[in-house]
Participant: 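Pasting a structure here, questions to come.
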Number of protein chains: 2
Amino acid sequence: MGVRKARAAETEAALKDAARRLFAERGYLNTKIGDITAAAGRATGSFYDHFAGKEELLQALRADMEAQADIEIATAAHAAATDADHAAAHAADHAADHAVGQAVGRAANHAADHAAGHDLTDPAQLREHLAVAWHVFRDHLPVMVALMQSSMAAPPRSGDLWRRLEDETGILRDHLEDLRERGHPLPGDPRLVAAAMGAMLSTLGYAVLTAGEHRPGFSDEEVVDTLTALLLHGLAGPPPGAAAGA
Amino acid sequence: MGVRKARAAETEAALKDAARRLFAERGYLNTKIGDITAAAGRATGSFYDHFAGKEELLQALRADMEAQADIEIATAAHAAATDADHAAAHAADHAADHAVGQAVGRAANHAADHAAGHDLTDPAQLREHLAVAWHVFRDHLPVMVALMQSSMAAPPRSGDLWRRLEDETGILRDHLEDLRERGHPLPGDPRLVAAAMGAMLSTLGYAVLTAGEHRPGFSDEEVVDTLTALLLHGLAGPPPGAAAGA
DNA sequence: GTCTATAACAGGATAGAC
DNA sequence: GTCTATCCTGTTATAGAC
(Lines give C-alpha, C1' and ligand atoms only; values in the text may rest on other atoms or scores of the structure.)
Protein backbone atom coordinates (compact mmCIF):
# COMPACT_ATOMS: atom_id res chain seq x y z
CA MET A 1 0.00 0.00 0.00
CA GLY A 2 1.51 3.30 -1.16
CA VAL A 3 1.70 6.45 0.87
CA ARG A 4 -1.03 8.08 -1.16
CA LYS A 5 -3.44 5.28 -0.47
CA ALA A 6 -2.45 5.23 3.18
CA ARG A 7 -3.11 8.95 3.46
CA ALA A 8 -6.49 8.45 1.88
CA ALA A 9 -7.36 5.70 4.30
CA GLU A 10 -6.25 7.98 7.09
CA THR A 11 -8.60 10.68 5.91
CA GLU A 12 -11.46 8.27 5.60
CA ALA A 13 -10.86 7.05 9.12
CA ALA A 14 -10.68 10.63 10.38
CA LEU A 15 -13.98 11.41 8.74
CA LYS A 16 -15.60 8.35 10.28
CA ASP A 17 -14.25 9.13 13.71
CA ALA A 18 -15.42 12.70 13.52
CA ALA A 19 -18.82 11.56 12.33
CA ARG A 20 -19.22 9.12 15.21
CA ARG A 21 -18.21 11.80 17.67
CA LEU A 22 -20.64 14.34 16.27
CA PHE A 23 -23.49 11.87 15.85
CA ALA A 24 -23.29 11.14 19.56
CA GLU A 25 -23.15 14.82 20.50
CA ARG A 26 -25.56 16.55 18.14
CA GLY A 27 -27.27 13.61 16.54
CA TYR A 28 -27.24 12.43 12.96
CA LEU A 29 -29.86 14.83 11.65
CA ASN A 30 -28.26 17.95 13.08
CA THR A 31 -24.78 17.08 11.91
CA LYS A 32 -23.88 18.72 8.58
CA ILE A 33 -21.25 17.54 6.15
CA GLY A 34 -19.26 20.65 6.89
CA ASP A 35 -19.29 19.88 10.60
CA ILE A 36 -17.78 16.48 9.95
CA THR A 37 -15.00 17.68 7.68
CA ALA A 38 -14.19 20.55 10.03
CA ALA A 39 -13.98 18.21 13.02
CA ALA A 40 -11.78 15.88 11.00
CA GLY A 41 -9.50 18.75 10.01
CA ARG A 42 -10.23 18.39 6.29
CA ALA A 43 -11.81 20.49 3.61
CA THR A 44 -15.46 20.14 2.79
CA GLY A 45 -14.78 18.98 -0.73
CA SER A 46 -12.69 16.04 0.45
CA PHE A 47 -15.74 14.40 1.92
CA TYR A 48 -17.08 13.53 -1.51
CA ASP A 49 -13.90 11.72 -2.46
CA HIS A 50 -14.84 9.10 0.12
CA PHE A 51 -18.60 9.09 0.42
CA ALA A 52 -21.43 10.02 -1.91
CA GLY A 53 -23.31 11.66 0.92
CA LYS A 54 -24.27 11.43 4.57
CA GLU A 55 -26.45 8.38 4.08
CA GLU A 56 -23.60 6.46 2.45
CA LEU A 57 -21.33 7.38 5.32
CA LEU A 58 -23.88 6.02 7.73
CA GLN A 59 -24.06 2.73 5.86
CA ALA A 60 -20.28 2.47 6.02
CA LEU A 61 -20.39 3.05 9.76
CA ARG A 62 -23.06 0.39 10.05
CA ALA A 63 -20.88 -2.09 8.19
CA ASP A 64 -17.96 -1.30 10.50
CA MET A 65 -20.16 -1.77 13.52
CA GLU A 66 -21.44 -5.12 12.36
CA ALA A 67 -17.95 -6.33 11.63
CA GLN A 68 -16.69 -5.28 15.03
CA ALA A 69 -19.74 -6.73 16.77
CA ASP A 70 -19.00 -10.05 15.10
CA ILE A 71 -15.57 -10.07 16.65
CA GLU A 72 -16.75 -9.08 20.10
CA ILE A 73 -19.51 -11.65 19.94
CA ALA A 74 -17.22 -14.41 18.77
CA THR A 75 -14.69 -13.83 21.54
CA ALA A 76 -17.45 -13.53 24.11
CA ALA A 77 -18.94 -16.78 22.94
CA HIS A 78 -15.53 -18.42 23.00
CA ALA A 79 -14.84 -17.17 26.48
CA ALA A 80 -18.16 -18.53 27.61
CA ALA A 81 -17.46 -21.82 25.88
CA THR A 82 -14.33 -22.35 27.94
CA ASP A 83 -16.50 -22.19 31.02
CA ALA A 84 -17.37 -25.35 32.81
CA ASP A 85 -21.05 -24.41 32.83
CA HIS A 86 -22.57 -25.83 29.69
CA ALA A 87 -25.83 -23.93 29.99
CA ALA A 88 -24.08 -20.60 30.34
CA ALA A 89 -21.85 -21.27 27.36
CA HIS A 90 -24.78 -22.36 25.31
CA ALA A 91 -26.71 -19.30 26.29
CA ALA A 92 -23.86 -16.90 25.60
CA ASP A 93 -23.16 -18.45 22.23
CA HIS A 94 -26.66 -18.22 20.93
CA ALA A 95 -27.43 -15.06 22.78
CA ALA A 96 -24.59 -13.45 20.93
CA ASP A 97 -25.96 -14.27 17.51
CA HIS A 98 -29.42 -13.26 18.45
CA ALA A 99 -28.46 -10.07 20.19
CA VAL A 100 -26.40 -8.83 17.33
CA GLY A 101 -29.20 -9.56 14.95
CA GLN A 102 -31.51 -7.93 17.40
CA ALA A 103 -29.46 -4.83 17.82
CA VAL A 104 -28.01 -4.59 14.38
CA GLY A 105 -30.26 -6.41 11.98
CA ARG A 106 -28.14 -9.15 10.53
CA ALA A 107 -26.87 -12.63 11.28
CA ALA A 108 -29.48 -14.39 9.20
CA ASN A 109 -26.77 -16.84 8.22
CA HIS A 110 -26.43 -18.28 11.68
CA ALA A 111 -30.09 -18.10 12.52
CA ALA A 112 -31.19 -21.43 11.15
CA ASP A 113 -28.50 -23.43 12.90
CA HIS A 114 -28.89 -21.84 16.27
CA ALA A 115 -32.59 -21.34 16.54
CA ALA A 116 -33.09 -24.86 17.72
CA GLY A 117 -32.12 -25.64 21.26
CA HIS A 118 -32.81 -22.21 22.66
CA ASP A 119 -35.18 -21.56 25.44
CA LEU A 120 -36.08 -17.95 26.11
CA THR A 121 -38.11 -19.05 29.09
CA ASP A 122 -34.89 -19.95 30.86
CA PRO A 123 -33.99 -16.92 33.00
CA ALA A 124 -30.26 -17.19 32.34
CA GLN A 125 -30.66 -17.45 28.58
CA LEU A 126 -33.15 -14.60 28.36
CA ARG A 127 -30.96 -12.41 30.51
CA GLU A 128 -27.94 -13.17 28.38
CA HIS A 129 -29.78 -12.26 25.20
CA LEU A 130 -30.87 -8.96 26.63
CA ALA A 131 -27.47 -8.21 28.14
CA VAL A 132 -25.62 -8.71 24.90
CA ALA A 133 -28.09 -6.61 22.95
CA TRP A 134 -27.87 -3.86 25.56
CA HIS A 135 -24.10 -3.77 25.51
CA VAL A 136 -23.85 -3.81 21.75
CA PHE A 137 -26.20 -0.85 21.77
CA ARG A 138 -24.07 0.94 24.34
CA ASP A 139 -20.74 0.16 22.68
CA HIS A 140 -21.92 1.46 19.33
CA LEU A 141 -24.10 4.24 20.60
CA PRO A 142 -23.15 6.87 17.99
CA VAL A 143 -24.10 4.61 15.11
CA MET A 144 -27.21 3.29 16.82
CA VAL A 145 -28.34 6.84 17.48
CA ALA A 146 -27.73 7.77 13.87
CA LEU A 147 -29.58 4.72 12.56
CA MET A 148 -32.57 5.37 14.77
CA GLN A 149 -32.73 9.04 13.87
CA SER A 150 -32.41 8.18 10.23
CA SER A 151 -35.29 5.69 10.23
CA MET A 152 -37.48 7.98 12.32
CA ALA A 153 -36.94 10.85 9.90
CA ALA A 154 -38.23 8.83 6.97
CA PRO A 155 -41.79 9.40 5.72
CA PRO A 156 -44.05 7.49 8.12
CA ARG A 157 -46.00 5.57 5.51
CA SER A 158 -42.82 4.13 4.05
CA GLY A 159 -42.98 1.49 6.74
CA ASP A 160 -39.29 1.95 7.41
CA LEU A 161 -39.59 1.58 11.14
CA TRP A 162 -41.63 -1.61 10.98
CA ARG A 163 -39.19 -3.12 8.51
CA ARG A 164 -36.26 -2.14 10.71
CA LEU A 165 -37.96 -3.66 13.72
CA GLU A 166 -38.58 -6.91 11.88
CA ASP A 167 -35.02 -7.07 10.61
CA GLU A 168 -33.54 -6.43 14.01
CA THR A 169 -35.62 -9.09 15.65
CA GLY A 170 -35.29 -11.82 13.05
CA ILE A 171 -33.41 -14.18 15.27
CA LEU A 172 -35.57 -13.48 18.25
CA ARG A 173 -38.59 -14.30 16.13
CA ASP A 174 -37.01 -17.59 15.11
CA HIS A 175 -36.42 -18.50 18.71
CA LEU A 176 -40.00 -17.69 19.58
CA GLU A 177 -41.35 -19.75 16.70
CA ASP A 178 -39.17 -22.60 17.81
CA LEU A 179 -40.53 -22.24 21.30
CA ARG A 180 -44.08 -22.32 20.03
CA GLU A 181 -43.45 -25.40 17.92
CA ARG A 182 -42.23 -27.15 21.00
CA GLY A 183 -45.59 -26.55 22.57
CA HIS A 184 -44.89 -23.55 24.72
CA PRO A 185 -47.78 -21.05 24.85
CA LEU A 186 -46.78 -17.60 23.55
CA PRO A 187 -48.36 -14.21 24.27
CA GLY A 188 -49.13 -13.85 20.56
CA ASP A 189 -47.74 -14.03 17.05
CA PRO A 190 -43.95 -14.41 17.22
CA ARG A 191 -43.48 -11.55 14.73
CA LEU A 192 -45.49 -9.25 16.93
CA VAL A 193 -43.93 -10.34 20.20
CA ALA A 194 -40.46 -10.02 18.75
CA ALA A 195 -41.19 -6.57 17.35
CA ALA A 196 -42.62 -5.45 20.68
CA MET A 197 -39.52 -6.59 22.52
CA GLY A 198 -37.30 -4.90 19.96
CA ALA A 199 -39.27 -1.68 20.25
CA MET A 200 -38.90 -1.70 24.01
CA LEU A 201 -35.21 -2.44 23.93
CA SER A 202 -34.18 0.05 21.27
CA THR A 203 -36.24 2.98 22.45
CA LEU A 204 -35.40 2.44 26.10
CA GLY A 205 -31.75 2.06 25.15
CA TYR A 206 -31.78 5.29 23.22
CA ALA A 207 -33.53 7.14 26.04
CA VAL A 208 -31.43 5.83 28.90
CA LEU A 209 -28.04 5.77 27.21
CA THR A 210 -28.20 9.23 25.66
CA ALA A 211 -29.74 11.09 28.58
CA GLY A 212 -26.41 12.56 29.65
CA GLU A 213 -26.89 15.24 32.32
CA HIS A 214 -30.48 14.34 33.08
CA ARG A 215 -29.34 10.79 33.54
CA PRO A 216 -31.93 8.50 35.06
CA GLY A 217 -29.15 6.85 37.04
CA PHE A 218 -29.86 3.24 36.21
CA SER A 219 -26.93 0.89 35.86
CA ASP A 220 -26.65 -1.50 32.95
CA GLU A 221 -27.26 -4.39 35.29
CA GLU A 222 -30.35 -2.86 36.77
CA VAL A 223 -31.84 -2.30 33.34
CA VAL A 224 -31.03 -5.78 32.10
CA ASP A 225 -32.32 -7.36 35.30
CA THR A 226 -35.53 -5.38 35.13
CA LEU A 227 -36.19 -6.18 31.49
CA THR A 228 -35.45 -9.82 32.12
CA ALA A 229 -37.90 -10.00 34.98
CA LEU A 230 -40.55 -8.08 33.07
CA LEU A 231 -40.29 -10.14 29.92
CA LEU A 232 -39.96 -13.43 31.73
CA HIS A 233 -42.93 -13.24 34.08
CA GLY A 234 -44.54 -9.86 33.45
CA LEU A 235 -46.15 -7.64 36.02
CA ALA A 236 -47.93 -10.48 37.75
CA GLY A 237 -44.60 -11.83 38.86
CA PRO A 238 -43.21 -15.36 38.95
CA PRO A 239 -45.45 -18.22 40.02
CA PRO A 240 -45.10 -18.92 43.75
CA GLY A 241 -42.48 -21.64 43.67
CA ALA A 242 -40.39 -20.51 40.67
CA ALA A 243 -36.70 -19.64 40.81
CA ALA A 244 -36.80 -16.37 38.90
CA GLY A 245 -33.99 -14.38 37.32
CA ALA A 246 -34.79 -11.27 39.30
CA MET B 1 -67.26 37.18 17.09
CA GLY B 2 -66.96 39.40 13.95
CA VAL B 3 -66.56 38.11 10.41
CA ARG B 4 -62.91 39.09 10.34
CA LYS B 5 -62.16 37.05 13.40
CA ALA B 6 -64.21 34.17 12.09
CA ARG B 7 -62.27 34.20 8.84
CA ALA B 8 -59.06 34.15 10.81
CA ALA B 9 -60.23 31.21 12.87
CA GLU B 10 -61.17 29.49 9.66
CA THR B 11 -57.69 29.98 8.28
CA GLU B 12 -56.11 28.74 11.47
CA ALA B 13 -58.28 25.63 11.36
CA ALA B 14 -57.40 25.09 7.72
CA LEU B 15 -53.71 25.33 8.53
CA LYS B 16 -54.07 22.83 11.37
CA ASP B 17 -56.03 20.42 9.23
CA ALA B 18 -53.52 20.62 6.43
CA ALA B 19 -50.68 20.13 8.89
CA ARG B 20 -52.27 17.01 10.37
CA ARG B 21 -52.84 15.61 6.92
CA LEU B 22 -49.28 16.24 5.80
CA PHE B 23 -47.71 15.09 9.04
CA ALA B 24 -49.38 11.73 8.57
CA GLU B 25 -48.31 11.49 4.94
CA ARG B 26 -44.80 12.89 4.80
CA GLY B 27 -43.99 13.20 8.48
CA TYR B 28 -43.34 16.25 10.57
CA LEU B 29 -39.71 16.70 9.62
CA ASN B 30 -40.26 16.54 5.88
CA THR B 31 -43.22 18.88 5.89
CA LYS B 32 -42.26 22.46 5.10
CA ILE B 33 -44.18 25.58 6.05
CA GLY B 34 -44.86 26.18 2.39
CA ASP B 35 -46.36 22.71 2.02
CA ILE B 36 -48.83 23.42 4.79
CA THR B 37 -49.97 26.78 3.48
CA ALA B 38 -50.27 25.42 -0.04
CA ALA B 39 -52.37 22.46 1.14
CA ALA B 40 -54.54 24.86 3.12
CA GLY B 41 -54.99 27.09 0.10
CA ARG B 42 -53.30 30.09 1.72
CA ALA B 43 -50.21 32.14 1.11
CA THR B 44 -46.96 31.31 2.84
CA GLY B 45 -46.87 34.60 4.69
CA SER B 46 -50.23 34.00 6.31
CA PHE B 47 -48.80 31.17 8.35
CA TYR B 48 -46.88 33.58 10.56
CA ASP B 49 -50.03 35.50 11.44
CA HIS B 50 -51.11 32.41 13.35
CA PHE B 51 -48.00 30.58 14.50
CA ALA B 52 -44.47 31.65 15.25
CA GLY B 53 -43.11 28.57 13.53
CA LYS B 54 -43.57 24.86 12.98
CA GLU B 55 -42.77 23.97 16.57
CA GLU B 56 -45.46 26.31 17.89
CA LEU B 57 -47.95 24.81 15.50
CA LEU B 58 -47.10 21.37 16.82
CA GLN B 59 -47.68 22.50 20.41
CA ALA B 60 -51.06 23.88 19.40
CA LEU B 61 -51.96 20.55 17.82
CA ARG B 62 -50.84 18.81 20.97
CA ALA B 63 -53.11 21.01 23.09
CA ASP B 64 -56.03 20.26 20.78
CA MET B 65 -55.33 16.56 21.01
CA GLU B 66 -55.21 16.59 24.78
CA ALA B 67 -58.46 18.51 24.99
CA GLN B 68 -60.20 16.12 22.66
CA ALA B 69 -58.75 13.10 24.40
CA ASP B 70 -60.14 14.40 27.66
CA ILE B 71 -63.60 14.41 26.18
CA GLU B 72 -63.31 10.98 24.63
CA ILE B 73 -61.93 9.60 27.85
CA ALA B 74 -64.61 11.18 29.99
CA THR B 75 -67.43 9.80 27.87
CA ALA B 76 -65.79 6.41 27.69
CA ALA B 77 -65.42 6.35 31.46
CA HIS B 78 -69.03 7.46 31.86
CA ALA B 79 -70.29 4.83 29.51
CA ALA B 80 -68.37 2.23 31.41
CA ALA B 81 -69.68 3.57 34.70
CA THR B 82 -73.26 2.94 33.62
CA ASP B 83 -72.36 -0.69 33.23
CA ALA B 84 -73.49 -3.16 35.81
CA ASP B 85 -69.99 -4.60 36.10
CA HIS B 86 -68.22 -2.65 38.80
CA ALA B 87 -64.79 -4.00 38.02
CA ALA B 88 -65.03 -3.11 34.34
CA ALA B 89 -66.22 0.40 35.09
CA HIS B 90 -63.49 0.87 37.61
CA ALA B 91 -60.92 -0.35 35.16
CA ALA B 92 -62.15 1.79 32.31
CA ASP B 93 -62.30 4.89 34.48
CA HIS B 94 -58.78 4.70 35.74
CA ALA B 95 -57.44 3.16 32.61
CA ALA B 96 -58.59 6.22 30.75
CA ASP B 97 -56.67 8.62 32.90
CA HIS B 98 -53.60 6.54 32.80
CA ALA B 99 -53.70 5.84 29.14
CA VAL B 100 -54.06 9.45 28.19
CA GLY B 101 -51.19 10.38 30.44
CA GLN B 102 -49.35 7.49 28.97
CA ALA B 103 -49.98 8.42 25.39
CA VAL B 104 -50.08 12.14 25.76
CA GLY B 105 -48.08 13.11 28.78
CA ARG B 106 -50.48 14.91 31.07
CA ALA B 107 -53.25 14.27 33.59
CA ALA B 108 -51.06 14.78 36.62
CA ASN B 109 -54.06 16.38 38.27
CA HIS B 110 -56.03 13.17 38.40
CA ALA B 111 -53.10 10.98 39.20
CA ALA B 112 -53.10 11.25 42.98
CA ASP B 113 -56.79 10.43 43.39
CA HIS B 114 -56.85 7.51 41.05
CA ALA B 115 -53.58 5.83 41.72
CA ALA B 116 -54.99 4.04 44.73
CA GLY B 117 -57.27 1.11 44.07
CA HIS B 118 -55.72 0.08 40.78
CA ASP B 119 -54.31 -3.30 40.11
CA LEU B 120 -52.30 -3.72 36.96
CA THR B 121 -51.96 -7.40 37.71
CA ASP B 122 -55.64 -7.83 36.98
CA PRO B 123 -55.89 -8.92 33.34
CA ALA B 124 -59.00 -6.87 32.60
CA GLN B 125 -57.56 -3.69 34.04
CA LEU B 126 -54.21 -4.06 32.34
CA ARG B 127 -55.88 -4.77 29.05
CA GLU B 128 -58.10 -1.74 29.40
CA HIS B 129 -55.13 0.50 30.09
CA LEU B 130 -53.32 -0.74 27.03
CA ALA B 131 -56.41 -0.61 24.84
CA VAL B 132 -57.16 3.02 25.64
CA ALA B 133 -53.56 4.07 25.10
CA TRP B 134 -53.47 2.23 21.79
CA HIS B 135 -56.67 3.82 20.52
CA VAL B 136 -55.67 7.30 21.60
CA PHE B 137 -52.48 6.78 19.66
CA ARG B 138 -54.40 5.62 16.61
CA ASP B 139 -57.02 8.37 16.76
CA HIS B 140 -54.39 11.08 16.94
CA LEU B 141 -51.81 9.45 14.74
CA PRO B 142 -50.71 12.57 12.83
CA VAL B 143 -49.89 14.44 16.02
CA MET B 144 -48.31 11.43 17.70
CA VAL B 145 -46.13 10.90 14.65
CA ALA B 146 -45.11 14.54 14.69
CA LEU B 147 -44.33 14.51 18.39
CA MET B 148 -42.22 11.39 18.11
CA GLN B 149 -40.30 12.67 15.11
CA SER B 150 -39.74 15.95 16.86
CA SER B 151 -38.30 14.43 20.01
CA MET B 152 -36.19 11.98 18.04
CA ALA B 153 -34.70 14.78 15.97
CA ALA B 154 -33.49 16.63 19.05
CA PRO B 155 -29.82 16.42 20.05
CA PRO B 156 -29.42 13.06 21.79
CA ARG B 157 -27.70 14.35 24.90
CA SER B 158 -30.53 16.73 25.64
CA GLY B 159 -32.34 13.83 27.27
CA ASP B 160 -35.52 14.81 25.48
CA LEU B 161 -36.61 11.27 24.82
CA TRP B 162 -36.10 10.12 28.39
CA ARG B 163 -38.03 13.11 29.69
CA ARG B 164 -40.83 12.46 27.24
CA LEU B 165 -40.96 8.83 28.28
CA GLU B 166 -41.16 9.76 31.95
CA ASP B 167 -43.88 12.34 31.32
CA GLU B 168 -45.95 9.96 29.27
CA THR B 169 -45.79 7.24 31.86
CA GLY B 170 -46.34 9.32 34.99
CA ILE B 171 -49.62 7.73 35.87
CA LEU B 172 -48.45 4.25 35.04
CA ARG B 173 -45.52 4.83 37.36
CA ASP B 174 -47.87 5.89 40.13
CA HIS B 175 -49.88 2.74 39.71
CA LEU B 176 -46.78 0.63 39.87
CA GLU B 177 -45.53 2.37 42.98
CA ASP B 178 -48.89 1.83 44.56
CA LEU B 179 -48.71 -1.82 43.64
CA ARG B 180 -45.29 -2.12 45.19
CA GLU B 181 -46.38 -0.43 48.40
CA ARG B 182 -49.12 -2.95 48.72
CA GLY B 183 -46.49 -5.65 48.79
CA HIS B 184 -46.58 -6.87 45.20
CA PRO B 185 -43.15 -7.77 43.84
CA LEU B 186 -42.22 -5.70 40.77
CA PRO B 187 -39.71 -6.48 38.01
CA GLY B 188 -37.73 -3.39 39.01
CA ASP B 189 -37.86 0.31 39.75
CA PRO B 190 -41.32 1.62 38.82
CA ARG B 191 -39.78 4.49 36.85
CA LEU B 192 -37.82 2.05 34.77
CA VAL B 193 -40.64 -0.44 34.29
CA ALA B 194 -43.03 2.33 33.33
CA ALA B 195 -40.55 3.79 30.87
CA ALA B 196 -39.92 0.39 29.33
CA MET B 197 -43.63 -0.20 28.82
CA GLY B 198 -44.04 3.27 27.35
CA ALA B 199 -41.14 2.70 25.00
CA MET B 200 -42.65 -0.54 23.79
CA LEU B 201 -46.10 0.91 23.30
CA SER B 202 -45.12 4.10 21.52
CA THR B 203 -42.53 2.63 19.18
CA LEU B 204 -44.64 -0.39 18.32
CA GLY B 205 -47.61 1.90 17.79
CA TYR B 206 -45.66 4.09 15.46
CA ALA B 207 -44.31 1.13 13.51
CA VAL B 208 -47.55 -0.80 13.19
CA LEU B 209 -49.95 2.10 12.66
CA THR B 210 -47.91 3.92 10.05
CA ALA B 211 -46.77 0.96 8.03
CA GLY B 212 -49.40 1.56 5.33
CA GLU B 213 -48.70 -0.66 2.30
CA HIS B 214 -46.23 -2.92 4.01
CA ARG B 215 -48.81 -3.39 6.73
CA PRO B 216 -48.01 -6.18 9.15
CA GLY B 217 -51.68 -7.09 9.16
CA PHE B 218 -52.28 -7.15 12.89
CA SER B 219 -55.62 -5.97 14.19
CA ASP B 220 -55.92 -3.60 17.12
CA GLU B 221 -57.30 -6.38 19.24
CA GLU B 222 -54.52 -8.76 18.40
CA VAL B 223 -51.92 -6.20 19.36
CA VAL B 224 -53.63 -5.27 22.61
CA ASP B 225 -54.17 -8.90 23.52
CA THR B 226 -50.57 -9.75 22.79
CA LEU B 227 -49.16 -6.86 24.79
CA THR B 228 -51.49 -7.67 27.66
CA ALA B 229 -50.37 -11.28 27.76
CA LEU B 230 -46.70 -10.35 27.41
CA LEU B 231 -46.76 -7.71 30.11
CA LEU B 232 -48.94 -9.69 32.45
CA HIS B 233 -47.09 -12.98 32.53
CA GLY B 234 -44.13 -12.56 30.20
CA LEU B 235 -42.66 -15.20 27.94
CA ALA B 236 -42.83 -17.93 30.56
CA GLY B 237 -46.60 -17.75 30.39
CA PRO B 238 -49.23 -17.82 33.11
CA PRO B 239 -48.83 -20.11 36.11
CA PRO B 240 -50.60 -23.45 35.54
CA GLY B 241 -53.97 -22.68 37.15
CA ALA B 242 -54.28 -18.96 36.35
CA ALA B 243 -57.14 -17.41 34.38
CA ALA B 244 -55.13 -15.26 32.01
CA GLY B 245 -56.27 -12.42 29.74
CA ALA B 246 -55.02 -14.09 26.60
C1' DG C 1 -55.64 39.16 7.88
C1' DT C 2 -54.17 37.99 3.67
C1' DC C 3 -51.55 38.45 -0.18
C1' DT C 4 -47.06 39.02 -3.37
C1' DA C 5 -42.43 39.48 -3.48
C1' DT C 6 -38.10 39.07 -1.76
C1' DA C 7 -34.39 39.23 1.60
C1' DA C 8 -31.37 36.29 4.06
C1' DC C 9 -29.22 32.17 4.98
C1' DA C 10 -28.28 27.65 5.34
C1' DG C 11 -26.66 23.41 3.29
C1' DG C 12 -25.33 20.22 -0.47
C1' DA C 13 -22.58 19.49 -4.10
C1' DT C 14 -19.11 20.57 -7.92
C1' DA C 15 -14.90 22.73 -10.64
C1' DG C 16 -10.42 23.15 -11.20
C1' DA C 17 -5.72 24.30 -9.35
C1' DC C 18 -2.17 21.96 -6.88
C1' DG D 1 -6.51 13.16 -2.88
C1' DT D 2 -6.86 17.38 -1.12
C1' DC D 3 -7.65 21.97 -1.22
C1' DT D 4 -10.14 26.75 -2.21
C1' DA D 5 -13.79 28.90 -4.18
C1' DT D 6 -18.18 28.95 -5.81
C1' DC D 7 -22.69 27.74 -7.54
C1' DC D 8 -27.21 26.33 -6.69
C1' DT D 9 -31.05 24.80 -4.37
C1' DG D 10 -34.49 24.91 -0.86
C1' DT D 11 -36.56 27.14 3.31
C1' DT D 12 -37.40 30.40 6.65
C1' DA D 13 -39.02 34.67 7.73
C1' DT D 14 -40.15 39.53 6.84
C1' DA D 15 -41.82 43.92 4.28
C1' DG D 16 -45.27 46.31 2.51
C1' DA D 17 -49.43 46.81 -0.58
C1' DC D 18 -54.30 45.70 -0.36
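Chain naming here is simple, since letters A, B, ... match the order of the sequence lines and numbering starts at 1 in each.
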Participant: Verify, without hydrogens or angle tests, whether B:Ser219 (side chain) and B:Glu222 (backbone) share a donor-acceptor contact under 3.5 angstrom.
Facilitator: yes

Participant: Please determine whether the number of non-hydrogen atoms from other residues, nucleotides or ligands lying under 6.0 Å from atom CZ of A:Arg157 exceeds 12.
Facilitator: no

Participant: When you measure from the side chain of B:Thr203 to the backbone N and O of B:Met200, does any donor-acceptor pair fall under 3.5 Å?
Facilitator: no

Participant: I need the A:His214 NE2 to B:Ser158 OG distance, nearest 0.5 Å.
Facilitator: 7.5 Å

Participant: Is the backbone of B:Ala153 close enough, under 3.5 Å, to the side chain of A:Asn30 for a donor and an acceptor to pair up by distance?
Facilitator: yes

Participant: Does A:Asp167 come within less than 4.0 Å of A:Arg164, counting only side-chain N to carboxylate O?
Facilitator: no

Participant: Going by side-chain contact (heavy atoms from CB on, under 4.5 Å), name the residues that satisfy it together with A:Lys16, two or more places apart in sequence or in a different chain.
Facilitator: A:Glu12, A:Arg20, A:Phe51, A:Leu57, A:Ala60, A:Leu61, A:Asp64

Participant: Whole angstroms only, please: what is the CG-C1' distance between A:Leu29 and C:dG11?
Facilitator: 14 Å

Participant: Hey, are A:Tyr28 and A:Glu55 close enough side-chain-wise for a donor-acceptor pair under 3.5 Å?
Facilitator: yes

Participant: Tell me, which of residues 30-54 of chain B have any heavy atom that sits under 4.0 Å from an atom in DNA chain D?
Facilitator: B:Lys32, B:Ile33, B:Gly45, B:Tyr48

Participant: Angle between the two end axes of the helix from C:dG1-D:dC18 to C:dC18-D:dG1, five base pairs per end, rounded to 10 degrees?
Facilitator: 10°

